[in-house]
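Quick notes on the structure that follows.
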Amino acid sequence: MKKILVSIVAALMAVPSFAQFSSGGFELDKQSLYYGVRFGGTVASINGDISVGSKVGMTLAGVIGIRVSSTTPLFLESGVYYTQRGAKNSDYNVTHNNLEIPLVIKYGIQTSNDIALLPFFGPYFAYGLSTKVEVKTPTAGNFRVNRNNMGFKIGCGAEYNKLYAEVGYQFGVTNIVDDDFETGKGKSSRNNALFLNVGVNF
């Protein structure tokens, strides 16, 4: 896990700080490309036939956005996210570390000379790097989390010059519970998360 974190940090540091584009601020109408770094947190849970309460995790990411319309400030953004998406209650403590690739559409709204709002929506695709399910009570059956999952994310970002912040919600659409393993047989649950990220666009 330490090697993964070091690799992600190294990749983020390699983002060209001399890039001349940003997605917000007073130059919103002129931009066609931007790069960004993100750092923040999630409050995730598992909901469904097997429900496990919320757990706080970390997010670290590098993103790239490209303008897809010549007449409106409409951007397509993707990137690579390292996310900790676990869940916890009196029966279970689930730690689920993912690599996520989102593909969201952002629409820029200039609210002042220096501030732009960027609401967004789109799918994400996640690959599980590692998962640990701790059973805390003898009566709770064990289960296993599927490595791959996908869902959608919706939210809104705000940019002041090149400083960026966003808040949103991710809701899973695939079954997070592996039904080939004990308690998971015939069960269906989703992994959802509230997230808050800050960062910089170049």
- Message: Within 45 degrees of the ring normal and closer than 6.0 Å to the centroid, is that where the cationic atom of K162 sits relative to Y35?
- Response: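 Judged by the rule (NZ or CZ under 6.0 Å from the ring centre, within 45° of its axis), K162 is not positioned above Y35.
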- Query: With a distance cut-off below 6.0 Å to the six-membered ring centre and an angular limit of 45° from the axis, does R38 pair with Y81 as a cation-pi contact?
  - Reply: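 The answer is no; the distance or angle limit is not met.
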- Message: Assess whether a salt bridge exists between K187 and D49, defined as any Lys/Arg side-chain N lying under 4.0 Å from an Asp/Glu carboxylate O.
- Response: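 No, K187 and D49 are not salt-bridged.
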- Message: Quick test of your reading of the model: are R85 and E100 salt-bridged, counting only N-O distances below 4.0 Å?
- Response: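 Salt bridge present between R85 and E100.
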So, does [X] use its side chain to make a donor-acceptor pair with the main chain of [Y] at under 3.5 Å?
| X | Y | value |
| --- | --- | --- |
| N175 | V177 | yes |
| S32 | R67 | no |
| S69 | T71 | yes |

When rounded to the nearest 0.5 angstrom, what distance separates [atom1] in [X] from [atom2] in [Y]?
| X | Y | atom1 | atom2 | value |
| --- | --- | --- | --- | --- |
| L129 | N97 | CG | CG | 6.5 Å |
| S54 | N192 | OG | CG | 11.5 Å |
| T131 | D178 | OG1 | CG | 10.5 Å |
| I105 | L76 | CD1 | CG | 4.5 Å |
| S130 | N98 | OG | CG | 8.5 Å |
| M150 | I101 | CE | CD1 | 12.5 Å |

Could you tell me which non-hydrogen atom of [X] sits nearest to which non-hydrogen atom of [Y], and how far apart they are?
| X | Y | value |
| --- | --- | --- |
| A193 | T42 | CB-CB, 4.4 Å |
| P102 | K153 | CB-CD, 3.9 Å |
| N89 | S51 | ND2-O, 3.3 Å |
| L33 | G65 | CD1-O, 3.2 Å |
| Y127 | R147 | CE1-CD, 3.3 Å |
| F120 | V167 | CZ-O, 4.3 Å |

- Task: Mind running side chain to side chain contact (heavy atoms under 4.5 Å, CB included) on N149 and H96 for me, showing each step along the way?
- Result: CA-CA 11 Å; N149 66 88; H96 187 45; 3.8 Å; yes
- Message: Applying side chain to side chain contact (heavy atoms under 4.5 Å, CB included) to L163 and N161, what does each step give before you reach the verdict?
- Response: CA-CA 6 Å; L163 300 177; N161 232 343; 5.8 Å; no
ILVMFWY cluster, [X] and [Y] together (side-chain gap under 4.5 Å):
| X | Y | answer |
| --- | --- | --- |
| Y124 | F171 | no |
| F195 | V104 | yes |
| L60 | L99 | yes |
| I154 | L117 | no |
| V135 | I46 | yes |

- Item | CA sep, side-chain torsions, deciding dist, call: Y92, F143, ring-ring contact (aromatic ring centres under 6.0 Å, His included) | CA-CA 10 Å; Y92 301 105; F143 71 93; 5.0 Å; yes
- Begin from the C-alpha positions of Y107 and T72 and carry the test side chain to side chain contact (heavy atoms under 4.5 Å, CB included) through to its verdict. CA-CA 8 Å; Y107 182 78; T72 58; 4.2 Å; yes
- Query: Are there more than 12 heavy atoms of other residues, nucleotides or ligands under 6.0 Å from atom NZ of K55?
  - Reply: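 More than 12 heavy atoms, drawn from other residues, nucleotides or ligands, come within 6.0 Å of this atom.
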- Message: Surrounding NZ of K136 (heavy atoms of other residues, nucleotides or ligands, distance under 6.0 Å), is the total greater than 12?
- Response: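 It does: K136 NZ has more than 12 such atoms within range.
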- Message: Side chains of S45 and N47 only: does a donor on one sit below 3.5 Å from an acceptor on the other?
- Response: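 The criterion, which ignores hydrogens and geometry beyond distance, is satisfied for N47 and S45.
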- Query: Looking just at side-chain N and O atoms, do E159 and N201 make a donor-acceptor pair shorter than 3.5 Å?
  - Reply: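 On atom types as modelled, these side chains qualify, holding a pair under 3.5 Å.
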- Item | Ring-ring centroid check F152 F121, cutoff 6.0 Å |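 Under 6.0 Å, so yes.
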- Query: Are F75 and Y34 close enough that their ring centers fall under 6.0 Å?
  - Reply: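 Between F75 and Y34, the centre distance is under 6.0 Å.
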- Item | side chain to side chain contact (heavy atoms under 4.5 Å, CB included) between N146 and T174, intermediate numbers included | CA-CA 9 Å; N146 280 324; T174 57; over 6 Å; no
